[in-house]
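Working notes, structure below.
This is a predicted model, so every value here is computed, not measured. Computed over heavy atoms, backbone and side chain alike; hydrogens, waters and symmetry mates excluded.
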Amino acid sequence: MTTVYWLTRDLRLDDNPALQEAAKGAALVCVYMIDPRWFEPGPCGWSPMGPHRWAFTWRSLMALDAALNTLGQQLVIRWQRPEEGVPEVVNTLGAQRLVASRPAAFDEVQQWQAIEAALPFVRCDLVETLTLFDEADLPFRLDALPDTFSQFRRSIEKPGLTSLAPLDKPAALPAAATLLHADQRLAGPMPDQSETPFAGGEASGVEHLERYLWKDQSILTYKVTRNALDDASASSKVSPWLSAGALSARRLAAEIDRFESEVDRNESTYWLYFELLWREYFQWYSRHRGRELFLSPGHTGQHNGSTDSGEFRRWLKDSATHSLVRAGRVQLETTGYLSNRMRQIIASACVYEGHFNWRLGATWFEHFLVDYDVASNYGNWQYIAGVGADPRGGRVFNLEKQVSQFDANGSYRKRWLKEP
């Protein structure tokens, strides 16, 4: 049996249940689709895929291809819409099976359904690779997902539910099926220069985690330092690899547990797992809400604002905007990264200071963030705007208070605004 494995946000060999499932056939083709729509400007002028994430993704793809080569495989990369390209590859090969990672967002689910419909005589299987738990392991039905993160966390922790154990990377893979056409590695857009400090690829993510956890042991102070605006060691910064699937959430949870067993356990080590649960909540929230994750004002209808994208762009760059927000804008657009605290500050300012619809900010983040995750990004913007999970009227951050707490000496603003 020939299997096509369509990779999306699972660019790794370690703890990859979809790869393990796809490897059960006699022949295997691993394929990745570069969707041209990623680079087309949307209604706000920003394309879904910005320069920082594309540079990170491209390097992750090249690293994965090299890793697959060591196992006698390769990554077939095509510049094509998945709903057209995936069936084409399957039919060209005469493959009997298609395997992919279970999608988290409404548009991705629709895409998968279109692919299934185009392959009525092919077995199409989805495998969970993004989350800590499988849906069957959750202590509630997905349509009864708790309304707040706190309720979700208690429902997970009270019965002592632990994340699934990660799988080791495969020692061998089936032979690569021969494609009928020689030129299957179609040309795509090469990434532009990016100043993001993150290097894509599974090995890079493993090295980063090793340094953070085991060499520097920075996890021991995570809860104390995580709100720092611009400190390389203040937080784990594993999010780019998690978002691309170059690092597994289950592997990270297992490493935290191992660290607590072998080195030390304190409130900070727990808090990194706490943040993993926060990410987990939004993965399931996205699947539960479907299209509503992208709608304004969300499913509770508490907040709306200006949808004028031109006005929003002017507001972002206007000298009248608070200097802390302007500094955050420069950092985001230059590097593709912001601390969690700065993301909250900027989101609050967009919604409550600028009086803009939260979706403008979510679209802006989607383009520039190197660690963009559809569920976390849109879920957290809804959360700040008070229109999504736990809608308590929104989360308003007092900008002067944030300055006094996190940038009293002005170092963050001086760095990014180049002010004396």
Side-chain angles (χ1 to χ4, degrees), residues 8-9 35-50 53 81-83 101-115 126 130-131 142-143 145-149 152 239 242-245 278-313 316 332 338 343-344 346-348 350-352 354-391 394-395:
T8 52
R9 293 174 55 204
D35 193 331
R37 292 168 295 192
W38 293 347
F39 307 96
E40 298 171 358
C44 298
W46 292 296
S47 61
M49 178 74 77
R53 182 156 51 96
R81 294 187 178 197
E83 60 269 32
S101 174
R102 183 182 178 187
F106 177 78
D107 292 348
E108 297 167 351
V109 171
Q110 285 197 311
Q111 196 173 68
W112 174 256
Q113 291 172 346
I115 291 170
L126 291 175
L130 286 171
T131 57
L142 189 56
D143 61 4
L145 180 77
D147 290 332
T148 71
F149 168 70
F152 171 82
S239 54
L242 284 177
S243 298
W278 182 259
R279 173 189 180 275
E280 183 81 4
Y281 178 59
F282 279 123
Q283 302 305 310
W284 298 110
Y285 178 84
S286 174
R287 297 171 194 196
H288 173 49
R289 288 296 172 188
R291 188 192 293 270
E292 288 186 1
L293 183 70
F294 306 97
L295 297 181
S296 184
H299 74 274
T300 56
Q302 289 188 8
H303 179 80
N304 214 336
S306 171
T307 58
D308 188 325
S309 59
E311 183 184 353
F312 179 63
R313 282 174 174 268
L316 286 174
L332 171 62
L338 287 172
R343 296 181 201 207
Q344 293 176 316
I346 287 180
S348 173
C350 287
V351 173
Y352 302 108
H355 304 289
F356 291 102
N357 187 282
W358 64 270
R359 290 194 300 173
L360 288 175
T363 302
W364 174 44
F365 272 23
E366 179 177 356
H367 176 78
F368 281 105
L369 281 174
V370 68
D371 61 358
Y372 167 75
D373 174 287
V374 58
S376 294
N377 184 61
Y378 281 86
N380 275 299
W381 272 91
Q382 281 194 346
Y383 178 81
I384 292 292
V387 298
D390 196 11
R395 276 78 182 165

When rounded to the nearest 0.5 angstrom, what distance separates [atom1] in [X] from [atom2] in [Y]?
X: Ser348; Y: Arg343; atom1: OG; atom2: CZ; answer: 16.0 Å
X: Thr131; Y: Glu280; atom1: OG1; atom2: CD; answer: 5.0 Å
X: Ser309; Y: Phe356; atom1: OG; atom2: CZ; answer: 10.0 Å
X: Trp364; Y: Phe312; atom1: CH2; atom2: CZ; answer: 5.5 Å
X: Ser286; Y: Arg291; atom1: OG; atom2: CZ; answer: 13.0 Å
X: Thr8; Y: Asp35; atom1: OG1; atom2: CG; answer: 12.0 Å

Nearest non-hydrogen partners of [X] and [Y], listed with the distance:
X: Asp373; Y: Ser243; value: CB-OG, 3.9 Å
X: Tyr352; Y: Ile384; value: OH-O, 2.8 Å
X: Arg359; Y: Leu295; value: CD-C, 4.1 Å
X: Gln283; Y: Ala104; value: OE1-CB, 3.8 Å
X: Leu130; Y: Arg279; value: O-NH1, 2.9 Å
X: Pro41; Y: Gly45; value: CB-O, 3.8 Å

Report yes or no: does His367 contribute a side-chain atom to a donor-acceptor pair with the main-chain N or O of Ser47 at less than 3.5 Å?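 Present.
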Decide yes or no for [X] and [Y]: does some side-chain heavy atom of the first lie under 4.5 Å from some side-chain heavy atom of the second?
X: Gln382; Y: Trp358; result: yes
X: Gln344; Y: Leu338; result: no
X: Arg287; Y: Leu145; result: no
X: Trp46; Y: Phe368; result: yes
X: Ser306; Y: Glu311; result: yes
X: Val370; Y: Ser239; result: no
X: Phe106; Y: Leu293; result: no
X: Thr363; Y: Tyr378; result: yes

Applying salt bridge (charged side-chain N to carboxylate O under 4.0 Å, His left out) to Asp107 and Arg37, what does each step give before you reach the verdict? CA-CA 13 Å; Asp107 292 348; Arg37 292 168 295 192; over 6 Å; no
If you take the centroid of each ring, where Trp contributes its six-membered ring, are Trp278 and Tyr383 closer together than 6.0 Å?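 Close enough - the centres of the two rings lie under 6.0 Å apart.
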Between Phe365 and Tyr372, does the ring centre distance come in under 6.0 Å?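 Ring-ring flag for Phe365/Tyr372: false, centres at least 6.0 Å apart.
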Could you walk me through whether Arg81 and Gln111 pass the side chain to side chain contact (heavy atoms under 4.5 Å, CB included) check? CA-CA 9 Å; Arg81 294 187 178 197; Gln111 196 173 68; over 6 Å; no
Passes side chain to side chain donor-acceptor pair (under 3.5 Å), Trp112 versus Glu108? Steps please. CA-CA 6 Å; Trp112 174 256; Glu108 297 167 351; over 6 Å; no
Listed partners of Tyr281 passing side chain to side chain donor-acceptor pair (under 3.5 Å), at least two apart: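 Partners of Tyr281 under the side chain to side chain donor-acceptor pair (under 3.5 Å) test: none.
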